[in-house]
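First listed ligand is number 1; within each ligand, the first listed atom is number 1.
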Amino acid sequence: MTMQFDRVSVTKGTREILSEITLSLTEQRIGVIGNNGSGKSTFLRLFNGLEKPSTGTVRFGESTDDLRRHVGFMFQNPDNQIVYPMVEEDLAFGLKARKLPKAESETRIERVLSELSLTHLKGRLTHQLSGGEKQMVALAGVLVTEPEMIVFDEPTTLLDLRNKMQFMRVLATLPQPAVVVSHDLDLLAGFDRILHIAGGRIHADGRPEDVIPAYKALCEDLGGC
Ligand SMILES: Nc1ncnc2c1ncn2[C@@H]1O[C@H](COP(=O)(O)OP(=O)(O)OP(=O)(O)O)[C@@H](O)[C@H]1O
């Protein structure tokens, strides 16, 4: 399924945050890089309708207005994603909205927790979890809903090495297409395509072996990126 951006701009007040973005995204693994404030999160939020274009259209297959049903979103800050006091309840929440039978919901939750080595957190209170544990529970919360595409906003910022490797393993085997915003350029090295956003525009678009070194070179040249 293709995610299509057609002349998409996002304006807040008088400020244009994203300008005239036109893209056809068909790859399995797409990385998004760029400086703080360049527009990466805003770009990502368009994928599942958390942000609406001021002008232009975002289309996933034939859908333009119910993107949330198709595209899962993993937030940069897990506190924005985890809503229930218990881990198990929180994971069940996303499935209730999809009217999944209770037994199937429980099976899915067990499976995802086991895949992420998180079964020990099932009965824990979410507000007592560490930052990295919350980030992993947020990941589980997205995976249980089995969306057709998943977008990740800086998914590894709070993770220790073990959980970062766990995340990378999950990403490598995920059947769905994934879009990952990250400042961790090593995470994106094996991806199919990298978009470099600068000043709300697509500054570069291509293979990681081309786009990432060019971005690094720009930043090494002080003030260049
Ligand atoms: N609601 C808003 N009103 C005004 N400005 C906004 C709003 N939301 C975002 N911005 C501005 O838009 C710009 C892009 O923000 P965005 O969060 O998309 O950047 P980013 O590339 O994800 O940054 P970071 O790497 O720091 O997470 C920033 O300058 C931000 O201050």
Once you measure the plane-to-plane angle for Phe60 and His70, does it fall in the parallel (<30°), tilted (30-60°) or perpendicular (>60°) bin?
tilted

Would you say the side-chain atoms of Tyr215 and Asp210 include a donor-acceptor pair closer than 3.5 Å?
no

State, without any angle test, whether Gln4 and Ser24 hold a side-chain donor-acceptor pair at a distance under 3.5 Å.
yes

Please tabulate, one line per pair, the protein N or O atoms found under 3.5 Å from any N or O atom of ligand 1, giving the distance to one decimal.
unit_1	atom_1	unit_2	atom_2	d
ligand 1	18 (O)	Ser41	N	3.4
ligand 1	18 (O)	Thr42	N	2.9
ligand 1	18 (O)	Thr42	OG1	2.6
ligand 1	19 (O)	Gly39	N	3.4
ligand 1	21 (O)	Ser38	N	3.2
ligand 1	21 (O)	Ser38	OG	3.3
ligand 1	21 (O)	Gly39	N	3.0
ligand 1	21 (O)	Lys40	N	2.9
ligand 1	21 (O)	Lys40	NZ	2.8
ligand 1	22 (O)	Ser41	N	2.8
ligand 1	22 (O)	Ser41	OG	2.8
ligand 1	23 (O)	Gly37	N	2.8
ligand 1	25 (O)	Asn36	ND2	3.1
ligand 1	25 (O)	Lys40	NZ	2.7
ligand 1	25 (O)	His183	NE2	3.1
ligand 1	26 (O)	Asn36	ND2	3.0
ligand 1	29 (O)	Arg15	NH1	3.1
ligand 1	29 (O)	Arg15	NH2	3.2

Mark yes when over 12 heavy atoms from residues, nucleotides or ligands other than Met86 sit less than 6.0 Å from its CE; otherwise mark no.
yes

d(Ser41 OG, Phe73 CZ) to nearest 0.5 Å is 6.5 Å

Around atom CZ of Arg69, are there more than 12 heavy atoms from other residues, nucleotides or ligands closer than 6.0 Å?
no

